[in-house]
Each structure stands twice: as C-alpha cells, then as structure tokens.
Amino acid sequence: MIKGKVWKYGDHIDTDVIIPARYLNAPDPAELAKHCMEDIDLSFAGNVQQGDIMVGGWNFGCGSSREHAPVAIQASGISCVIAASFARIFYRNSINIGFPILECPEAAAAISAGDIVSVDTKTGVITDETTGETFKAAAFPAFIEKIIESGGLLPYLREKKG
Amino acid sequence: MGMTMTQKILAAHAGLEEVRAGDLIEAKLDIVLGNDVTTPVAIGVFEKAGFTEVFDREKIVITLDHYTPCKDIKSAELCVTARNFAHKHGITHLYDVGNVGIEHALLPEQGLVGPGDCIIGADSHTCTYGALGAFSTGVGSTDMAAGMASGLNWFKVPSAVRVELKGKLRPFVSGKDVILHLIGEIGVDGALYKSLEFTGEGVAELSMDDRFTIANMAIEAGGKNGIFPVDEETREYIKDRFGREPVVYSADDDAVYEKTVTINLDELEPTVSMPHLPSNTKTVKEVAGLHIDQVVIGSCTNGRMSDLRAAASIMEGKKVADNVRCIVIPATQQIYLDCLKEGIIETFINAGCAVSAPTCGPCLGGHMGVMAAGERAVATTNRNFVGRMGHTESEVILASPATAAASAIAGCVAVPGQE
C-alpha cells in the first residue's frame, strides 16, 4: 500500500518539462531527480517527500522517448503517478522500470494538490483520505503485472530465461 | 474481421495468423535503434540485468547524433560508453562523427530499414520509417536493452485512425503542413496508442521526403506509429539501398478503423504550430508579421534534400534579416554533400545562414542554437513545448522549410511565395 501527499499537474505534461534535455547528459537517477519538473514547478525537487504521489491530467508524459523522465520522477521519491491518461512511451517506460502508474480519469479530476492519498496498486483502488472519496483504476493485464512484480522488463526476461 | 496494415506486420512478426486491437503479443524485431542519449542508459540496464551478448550484431544501430560533435564533457562520456559497447559486441552499424547523420534521415538513406520491417528505436521519432511501409515505433532505453538482448519486444496491438488523403499539394505547401494540419485537427492525443494509417489517392502525390516528414510526427498526435502503403515511389526509393527483400503488406478491405479523417491536400495552406503544443495550429497568414529572433532549418523532421532545396529556392539571392540568426543543418553527410554539389550550401552561406554538420542539437535545446528568455524561433523541428529550444520563456513556432526560409528573409513570420 502506497500513501503520500499529492503533487498535482495539468494536461499534456511533456517529458521536456519532467526532465529538460539540458540535463540528459548526466543520466544518473539522483542527478536527474534534482531537476525533475523544474521548468514548470521550481518548488518540486526541493520539497518532494519520499512516498509522495504525482497526479496529472490527460496525455501525461507526452513527447520524447526519454526513460530519464519516469526515472527522474521515481528517483525524486514519488511512489506512483495517477493520470487521466498516459502517453504511450511514458507508459511503457514506467512499466519497464517497475514504476507503478495508474490510469484513472475520475481520480485525476477529483484529487487536489496537497491531499493525502493512498493507493493499492494490486487492486487499483485509490482513496483520497482528505476528502474520503475512493476511485478504481483499471487493473494491469497479468503479463504487465508480472513485469512490475519482477522489478522491470529486464529482470522479468532474466527470470523467464531462467 | 480484417486487419490494418500495422496489424498484419505485427501478426507476421509474432508468428500469428491474426491479431486484434488490444492483443498483447511478442514480436520479432528487424532493427533495434538507439542514440547517444538513450543508448548509454540501455547499456546500463542490459549489463545490470546480467546480459553479456546481443541477439544479432548486425540488427542493432547506434547513432551518436544528439549532442555531437560533443557539446561538453558529460556528453562526450555518453559517447564513450556507447562506442565501447559497440566495439565490444562488434556492432556493425555504429555511426559516429564524420559519418553520422540524424538517425531518422540516416537509416532509410543507408537502406537499413524497409517495407514490412518491425522496428523499435529508443527515440520517439522512430515512427518515421512507417513512410516506407514498416511498423516502426519509439520506445525507451529498457525496451532497447530488451531488444538488444532478445531480438523481441512486447506490443499491445493498436487500433487505427485512417487518414484519407485526396488531391494534390499546392506550391509552397509540403508534408509538414499536412501533418501540422492533421495534429491541429485531431489533437496531441488524437491518435493515442493508435496507428495513423495514411491512404487515398493523395498518397501518390507525396514525395518520399514528404511521407517521412508526415510519419515522423505521428508521435506528436500520440500515435504508436504512422504508416504509408508501399507504391512505386517507395520501390524507387529503396531500389539500390535496401539490402533485404522488402515484404509488402496492405490493409484488408474490411480492416476496422476507429475513425477516418479526410484531408483535401489542395485545400491546405502553409501552416504553423504556435507555442507550446504541436496541436496549436494556425495558417501562416493568420500569424504573419510576428517578430522572430531565430530560424532553424533541419532535424529528423525536415533536414532532407527536398526540404533544403525548398528553403534554398526561397533564399536564393536574398539576405537573412538583420534581426534573425538562421541555422541550417543538413540531416546527413550525404545530404550535406549533395547540397554542396547543387550549390545550395553556397546559397545559404551567401544569404547569411550558419550551416552545421548533422546534429539534433537545437531541436531539443541541446546545443547549436539554444535560445534566451524572450526569444522566439520559427523552426522546421517537431516540438514546441515549454523550454524545448532553451529558456522556459523562449518560444518555438513549428513550420515547413518554405515558411521557415521566407520568415528568415522577412525577419518575421512570413507566408512563403509572398516574400
């Protein structure tokens, strides 16, 4: 079970604002985390707490294929991202690195910045503890569930290969 | 129930008779691509997981094109990592400074990709090769690592949006105007998770360069891939280039599409995307006169021969306005050489343009044309997000090569053909 304070952003949050290209020359996760979201929210990197939750609108993570984007969010301490929808490469990348993301338009619309939210990634149940509202995100297909459980695509492939 | 062109290619690479939208499949890969930004991350993932061998050293392509010639020590170190890995594994297709070009212009030019292929690339604009009738999609570094290790990757079979092209483009209107117009119509997530399948009599009127530009920006509509049917134009292009036997797929007559969007090519006008989303489109006429500081002509979207010819024909005998810095970047060494032979480079330099070796540089605010706060560019690139070409208070207007060249001469956003 994940529980944390919400950082809320809008629609079409692109990978250029999640981690600007000027920092891609240093792909170390801790280094990327220092600059995460800085082009739209200078307060994020310095104040995010381990376990906090990011909530976005439609088409979250659109733009470039840079895996540095979910890596930066994960390394900043964020425990999961909830959005109305995800851009497809960001979605793949998050699953492939074993980072939980949940697609739930109702939760994305209702949850406010600063709310305390808990998430059960197994069932997809999202609870806004500040307002008492609950939501249900679609569950992952079994195959994707296995990748996340293995800690990412490569560990999954190693396990499969035996 | 029939299959789309994309679904047929995926079914064939998964060894299945039939696939349907939503199926999760594992498909064989013909080419796995990465660049200097994404490959080092993939190498880290590959090695951390304990893999020691690549699946096929001839099917991996590494292009050091984003921050090269290296802009700083950190980017030089990324290239060292990629270069060492390529040498260690005997990877045949490593493209380094001196022979590298911008990946999505380079791979088709070198005949590394062709009809019927299933391709992944750790770069979002890998969807470009759909112009050749391939399934080709952008992925992240972990997918690249998995592809390098196993030659396989997982895909969710996409549904499709059919784009029916009718008529013929008018002078000074090109493939870039077509794709910007389409993104304006359907939105930046209008094709999310889907294929954009281009069909109709209008396809035959589009050059290969126009098709590359259109397929290239499928991702800007959220698309998984963009794809064109294979015709005489395609066959002419791959002749003497593509080393493998092309496999030509076409959509079934009863293929299912989520929707059809019709574009009358002869009604299109020069189009731009205003800051800060590619879907924020206007006709050039609507925003003409807007002050600009920089023009960039190049990138994986518009750095090909016909793009540079279109720009040069407008700049011939003219001068770039005093308030504008115009940067021209041929996308590959071969294009650069062809431009030299045709006198196009001379035209650009006489006009007062800076001409550079192939690099993605300014498109992503990497180097070779980063902007300060308050500056505005007209660029033939593909994204105009906040901070994309530099400071968060700089702005990028996406445009065709003809519009960019006309704007460079005018010193403001200008309609090509009226300068």
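Side-chain atoms are counted along with the backbone in the values below, which use heavy atoms only and exclude waters and symmetry mates. A note on names: the letters A, B, ... follow the listed sequences, proteins ahead of strands, and every chain is numbered from 1.
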**OP:** Check whether any side-chain heavy atom of A:F86 lies under 4.5 Å from a side-chain heavy atom of B:Y193, and answer yes or no.
**Re:** yes
Subject >> NE2-CG distance between B:H276 and A:D16, expressed to the nearest 0.5 angstrom >> reply: 12.0 Å
Original post:
Just how far is it from atom OG of A:S64 to atom CZ of B:R388, taken to the nearest 0.5 Å?
Top reply: 6.5 Å
Original post:
Rounded to the nearest 0.5 Å, what separation is found between the CG atom of A:L24 and the OH atom of B:Y67?
Top reply: 4.0 Å
Original post:
Going by heavy atoms in the side chains, are B:K71 and A:N25 under 4.5 Å from each other?
Top reply: yes
Subject >> Within-4.5 Å side-chain heavy-atom neighbours: A:R92 and B:N153 >> reply: yes
**OP:** Measure the spacing between OG of A:S65 and CD1 of B:I120 and express it to the nearest 0.5 Å.
**Re:** 10.5 Å
Subject >> Side-chain touch B:V188/A:D14, heavy atoms, less than 4.5 angstrom >> reply: no
Original post:
Is there a side-chain contact between B:D189 and A:H12, using heavy atoms and a 4.5 Å cut-off?
Top reply: yes
Original post:
Mind checking whether A:E67 and B:T38 have side chains closer than 4.5 Å, heavy atoms only?
Top reply: no
Subject >> Heavy-atom proximity to chain A below 4.5 Å, by part of B:D72 >> reply: side chain
Original post:
Between A:H68 and B:V41, is any pair of side-chain heavy atoms under 4.5 Å apart?
Top reply: yes
Original post:
Where on B:T392 is there a heavy atom nearer than 4.5 Å to chain A: the side chain, the backbone, both, or neither?
Top reply: side chain
Subject >> Validation row: B:L192, A:C62 side chains within 4.5 angstrom (heavy atoms) >> reply: no
Original post:
Heavy-atom distance under 4.5 Å to chain A: side chain of B:L364, backbone, both or neither?
Top reply: both
